[in-house]
S.K.: 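Quick one: the structure is below, and I'll ask about it shortly.
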Amino acid sequence: GGSGSGEGGGTDDGSLRVGLIASSMGTQSFNDDVWAGLEKAQEELGIGAEYIEVSEVSDAANSLRTLIAQGDTLLVVPSSEFHDAMMEVAAEYPDCNFMYLAGEETGAENVMSVEYKENEAAFLGGALAASLSQTGKIGTVLAVQEPLQLRYQYGYMAGAKTVNPDCEVSVLFTNSYTDTNLGQESAKALYDKGADYVSCFAGACNLGVFNAAKEAGEGKYCLGAATGQFDKMPDKIVASVVKSIDVALYDMIKDYMDNGTFNGGGCTVLGLKEGGVELRYTTMNDELLNSIPEDVKNSVEDLKNKIINGEITVPGTEEEYNTYIASLG
Amino acid sequence: MSVKYSIQLKDITKRFPGIVANDHITIDVEQGEIHTLAGENGAGKSTLMNIIYGLYQPDEGQIFINEQPVHFQSSKDSIAHKIGMVHQHFMLIPKLTVAENIVVGQEPGSRLKVDRAGAEKRIRELSEKYGLKIDPHAKVADLSVTEQQRVEILKILYREAEILIFDEPTAVLTPQEIDEFCDILLGLKASGKTILFISHKMAEVMKISDHITVIRRGKVIGTVRKDETNVDELTRMMVGRDVNLSRRERKEFTDQPNLLELKNVSYTVNKTVKKLDGINLQLKAGEVLGIAGVDGNGQEELVQAICGQITPDSGEILFKGDNIVKKGIRARKDSGIALVPEDRHRDGLVLQYSVADNLVLGMHYQEPYAHGRTWMDYKAIHKNAETLQDDFDIRCANVDVPAGTLSGGNQQKIVIAREASRNPDVLIAVQPTRGLDIGAMEFVQKTLLEQRDKGKGVLLFSLELDEILSVSDRIAVIFKGRIVDVVDAEGVTRQELGRMMLGSHRDA
Amino acid sequence: METKVKKPLFALDKKKLQETGLSLLITLIALVMALVVGALVIWAFGSNPIEAYGALWRGAFGTGIAFTVTLGKAVPVMLTGLAVAIAFRCSVFNIGAEGQLLIGAMCAALVGAYVHLPMVLHLPLTILASMVGGMIWAFFPAVLKLKGNVNVVISTIMFNYIAQYLISYLILGPFKGPGESPATATIDKTAQLPDLLPKPYVLNLGFVLALVAVVAVYIILNRTSLGYEMRAVGFNPNASRTNGINVNRNMFLALLISGALAGLAGGIEVTGSLDKIVNNFSANYGFNGIPVALMAHNNPFAIIFSALLIGAMRSGSAMMQSSAGISKNMVDVIQGLIIVFLCAEHVIRYYIKRMGGKKNA
Amino acid sequence: MLNAITYLLSATLRMGTPIAFTALGGMTSERSGVNNIGLEGIMTASAFGAAVGSYLFQNAWMGILFAIVIGVGISAIHSLVCITWGGTQAVSSMALVLLSTGISGVGLKALFNQQGNSPQVPYLPTTTPLEKIPVIGPFLAQQSPFVYILFIVLILVWYMFKHTRLGLRIVTVGENPKAAETAGLSVHRIRYFSVIFSGVLGGLGGAMLSIGGMNMFQEDMVAGRGYLALGAVTMGRWNTWGVFGSAMFFGFFSALQLYLQTIPNNPVPAEFIQMIPYVATVIVLALSASKQNVGIAAGGQPYTKFVQQR
Ligand SMILES: Nc1ncnc2c1ncn2[C@@H]1O[C@H](COP(=O)(O)OP(=O)(O)OP(=O)(O)O)[C@@H](O)[C@H]1O
Ligand SMILES: Nc1ncnc2c1ncn2[C@@H]1O[C@H](COP(=O)(O)OP(=O)(O)OP(=O)(O)O)[C@@H](O)[C@H]1O
Ligand SMILES: [Mg+2]
Ligand SMILES: [Mg+2]
């Protein structure tokens, strides 16, 4: 069922109705967090919220129109593959507003955009993993080599190399966001090669990574993603590279309702500085949390500050990464 | 002494959409006799046998087995009444062994383990008892047609059938094999079995039957004792007129050129088995050259080599003086070689295509059927079909029905009509009358002779010596891939031919 | 039956008409049965079936826009359906329409974005490129079949996967367009299919191209000697060979034409609606071509309707989700049920005939 | 080096097993003459069923039972459609895929009120206790109990076709249903059995994905393994060992693919490494395919009173 509120996703009292299109829900990923934010807004702000799962990219425009026909006036578009469809529909419906959460788009007055700096949080994740690693080998399991994933990859690698230039970082791609078994096997392959900290940023494949960590036994750990995922494997997830869209979106909607704030034609950048992304230590396992040496925590904190005040510019592409490594000497 | 009846059919009627295949058929089969069912193609014989075997249920009428009324829902029921059937088309699985084919459905041993050794032993016993030589261990795929037939017979004997049904068992056998087969049937009869037998071949019918029932268009014409009838009477009962299959006169052609000449043609499969071994052969215009031989002595390969389906390892094939060894199938057909293949279902027809479409198969890309080799002209195809339907007496509702719905004889007429309409220089006919009723047989043979009389060359492959003798002008005998001898059909005897077919020269 | 009855030609047409009517009736009965069972399922999961079907209908046919969307959704499956059908008629089971579609789309995207020409040249060239691309992807399994007797079912499955990875690589690597999205560059305006109706209707020339393809396939199959040969090979390869038809050549051609059609489906997606290739843009259009073709008994004209059926299900699904609160998975269930009941064709026909027979008796 | 070999071996087994289960089932069904190109659907539905069973009873073995029940249910639909109704097998197969995807999605919502995946459920972890066995212990410790079940199934299937009455009858029915009928066999019963048996094995294959290693059901988690299983049936030429070997062949190349990705600084793009299993299959087929067609003679053809036979 796509409707958030009981009956057809609508509110009869004329309050705000928000519509979301997503390629698929339940992949433990960004879309789910976006929806979580909307659900929260629904409960606490009394908005109407609903979503449509779009199985084909070419359906996106049609789905947006359907939502608008249902009375939605604020449309949330969380992924880049729907960008063109959104721009097309935005031009058709100047009275509706669109929130684009997958990068910069400043071309239309009724579209506001959000750009995430996943690489900054991933940088800290890499630094933490490399600092904690006993074997000097860490890994990460990613899904597809798209820009978003690459930002994570190069941020993670740069962070690791910054604290330990000799650290060996292996990167594995599953080419799927849903093949959990492949995610698990990927992590197994990494653990088997000696990596003791494996991070992940691959949708539902993350769940496979966590399970692999559990099966790998003592001394093997992993890092989560999304909003933390600590509940998925409390014994193994030391920390998570968090991209907390739920809170951010809730705040934006609240602001929009209360103050009419809408950064139309503008782009909001969410990095470490803005609190849009962060490295969050485990919240569910004190023992694990305490096992992280204070000096490691401190040096990670130190790096975070350096990023925030601009001393470190975290790479997000292969080129930037190479330059960055060269600059490390 | 009162007569006991194994099978009694009372007013059996079976309808198929648009046709009454069996129309109030009443037949009594005495216990321990060989009862033959004769009739034209499509008369309804197979249908009736399928009813007795429980594969079809009659729409009306009653069956009695051993004088008890029965109602069969499936062949399981008839097997339980000790009825066995050898079908017109063999029901064997080539991938499995002889033993497996025989026992499946009633496997010895336990549910968890088929007792293969036991099965083989039992089969050996049976095959000795009834003189059916077979290796239970062999794969059916490797067996000859006769051997496959033996497997079919063993299959029903294994099930201890007392009533045996044979649907055209001899259609695919050579004369020698037919003699053997008749002995087998007589042996079975001697051991007390009741046999229902279907055949189009009058010689064997007269040889082994006790009673003969003739069916035409689904109705019983009559049942006669063998002693009280003769071939001519039976033929009249079947087709309603006299049929003459005896030797026919030919126009004289003297000094005709060689249309087709094979020089030293050899062909080897798997690098070891010589299928064709230096074949030399000449076919002249205006003659029918019969190729006699026991099945499997290279006839198939010879046809394939002439028609371009295989390329011989060595030798020349000259057609009107040109070596055609390098030419493809289509090129050879176009240059004037026509083929009536052995298996009409497999090679002759596209059963799903209409009669009209089948009548242009192989010429479909030529004028007037296709313009510019591309655009089909179905009007022309239809017109062609109606002409040929008249000329060749092809019986069907109309020429747009699928060829598969026609009876075997009429399907064969389609093939013959098509190949003759190509107006070829050489017509190759392989077993053209197999499975055909006597009326259709006459028609096919007549067509071949007409071609000859038009000055064409006809190459007739047949396992039937009678056919070879009555249609051919000269006869070549093939044995182990070699031409043993070529003789004039005038004056040669069956016995002489039979000896040559086993490899000895005429003079020897 | 053995008597010769010459019937005038119009009697045959009447029979054909009857047969068509019967087929339509059967399809209708199957649809109704599927919808009834689907209603039970929807009801069992706590939703209102009438509301759900109402939404589905509105989403698919309710407005002019919705109707154009339905037509548009039918286009790719119509083409992949044709692709599967033409190969099937020649007894080649092409499961590889998906991969051929992907490669076709890729070729269109590249020609559309990197070649610059006036529209009269650019658009046809782009469309052609997609067909050539699909053909190339069908070429490999075809050659493998011809030279190594490799089973087409399995090789086309493998080539589907290979195409997916290849596309992934090309989109994310060498041909990644500007911007965040994993996609190629936008194709030139000169390579985009013109709209048939003004906005907000969403029907483009692709629909016409698909119909042209239907007619073309019909003509190939039923009016040309190539079609005669391909069908003959499909029914009986032995008899075809014996009668001078080159079986391998026909199978080869059938697979190539099939690939071209599937490629065209991809090309139309790119030039018609996406204007670029996005990762995972094809939602199993290739696989859906299989039921589309087989539901239509591989008959080109019937494929229009089976494709429209699938198109309607797809376009109605959004409305069903948002207005009736039914998950998109339920649409899959209903689609599955419809296909299952269409398989009951023989049974329905049997009982219709029996009832008809009783009446006559 | 040794390390790499043991890794590859054990990963091959793990990744090949679900495919092998499903492929052995598919083979049985195909040998009886009923093709199912929708094995993917059976796997999807039963992966879901396994998670449900395991969740409801908090017991992974109950999950397996559930998966089998669901697999049987889905294949029973296929049997009804293809055997009794005489429907087109490829069409029915595609319907299965849609139905399975749909039902598992709808079911997630109905049972767990969750979208996309199930909650975590009890699963069958690897057989770690076996680690104590000398030499092979560490290797065995990496395996799921499903791998052991597979070997039992493998021998069972092999024995069935080699020695039992049923095996012989399945082959007969698949090669020539008319012959089977004239031999007094019930074509329908034997085909029903074979198709449903393939549902049982497909059920195991699906269960391995959701509760043999992983501990939840995720939409699209089957990710094409059903199609690979279909490929394995053909590649293995409908022979028990051949099919098993082909499934493991896929397993091996999937493992190798991951292994190659872990090699540092490897310049080959990941996509090309990921292509390896499929390219390898094509190459092997091209090199090994014989001129001879080895299919199932009556495969794919319905046999029922509703369809006129010729
Ligand atoms: N399954 C069927 N469906 C429809 N019609 C059938 C079927 N089987 C037989 N017929 C019809 O019944 C008639 C009798 O067929 P049958 O097979 O009994 O002939 P037959 O006497 O055995 O011929 P032949 O000598 O060629 O073997 C045929 O002409 C055909 O029209
Ligand atoms: N499904 C069917 N529909 C219509 N007629 C059929 C059908 N099945 C069989 N027949 C008819 O039944 C008759 C007997 O079929 P059968 O297969 O025994 O061929 P046949 O006539 O004996 O030819 P042949 O000797 O070449 O085998 C044929 O006339 C055929 O037309
Ligand atoms: Mg007959
Ligand atoms: Mg016959």
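Naming: A, B, ... by sequence-line order, numbering from 1 per chain.
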S.K.: Flag the pair E229(C) and R330(B) as a salt bridge only when some basic side-chain nitrogen lies within less than 4.0 angstrom of an acidic carboxylate oxygen.
M.R.: yes

S.K.: Start with the C-alpha gap between N243(C) and E419(B), add the side-chain angles, then the distance that decides, and say whether side-chain contact (heavy atoms from CB on, under 4.5 Å) holds.
M.R.: CA-CA 10 Å; N243(C) 286 286; E419(B) 297 305 312; 3.8 Å; yes

S.K.: Between R332(B) and chain C, which part of the residue has a heavy atom less than 4.5 Å away: side chain, backbone, both or neither?
M.R.: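 Contact with chain C involves no heavy atom of R332(B) at all.
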
S.K.: Answer with side chain, backbone, both or neither: which region of L339(B) has an atom nearer than 4.5 Å to a non-hydrogen atom of chain C?
M.R.: side chain

S.K.: Measure the shortest side-chain to side-chain distance between H345(B) and N238(C) over non-hydrogen atoms and say whether it is less than 4.5 angstrom.
M.R.: no

S.K.: In Å and rounded to the nearest 0.5 Å, what is the CD1 to NZ distance from I245(C) to K333(B)?
M.R.: 9.5 Å

S.K.: What option among A239(C), G227(C), S240(C) has the most heavy-atom pairs under 4.5 Å with chain B?
M.R.: A239(C)

S.K.: Check whether N222(C) gets within reach of chain B through its side chain, its backbone, both or neither, counting any heavy atom under 4.5 Å.
M.R.: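 Contact with chain B involves the backbone of N222(C) alone.
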
S.K.: Below 4.5 Å from any heavy atom of chain C, which atoms of V415(B) appear? Answer side chain, backbone, both or neither.
M.R.: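 Neither; nothing under 4.5 Å.
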
S.K.: Working to the nearest 0.5 Å, report the span between CE of M363(B) and OG of S225(C).
M.R.: 14.5 Å

S.K.: Using modelled atom types and a 3.5 Å cut-off, is there a donor and acceptor pairing between side-chain atoms of T374(B) and backbone atoms of T224(C)?
M.R.: no

S.K.: What about Y228(C) and Y365(B), are their ring centers closer than 6.0 Å?
M.R.: no

S.K.: With a cut-off of 6.0 Å (strictly less than), are more than 12 heavy atoms of other residues, nucleotides or ligands near CZ of F305(C)?
M.R.: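 No, the 6.0 Å shell around CZ holds no more than 12 heavy atoms from other groups.
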
S.K.: Can you measure from OG1 (T242(C)) to CD (E342(B)) and round to the nearest 0.5 angstrom?
M.R.: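 With rounding to 0.5 Å, OG1 (T242(C)) is 11.5 Å from CD (E342(B)).
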
S.K.: From D357(B) CG over to R231(C) CZ, what is the distance, rounded to the nearest 0.5 angstrom?
M.R.: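 D357(B) CG to R231(C) CZ: 6.5 Å, rounded to 0.5 Å.
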
S.K.: Pick one of side chain, backbone, both or neither for Y378(B), based on which atoms fall under 4.5 Å of a heavy atom in chain C.
M.R.: side chain

S.K.: With distance as the sole test, does N236(C) use its side chain to make a donor-acceptor pair with the main-chain N or O of D347(B) at under 3.5 Å?
M.R.: no

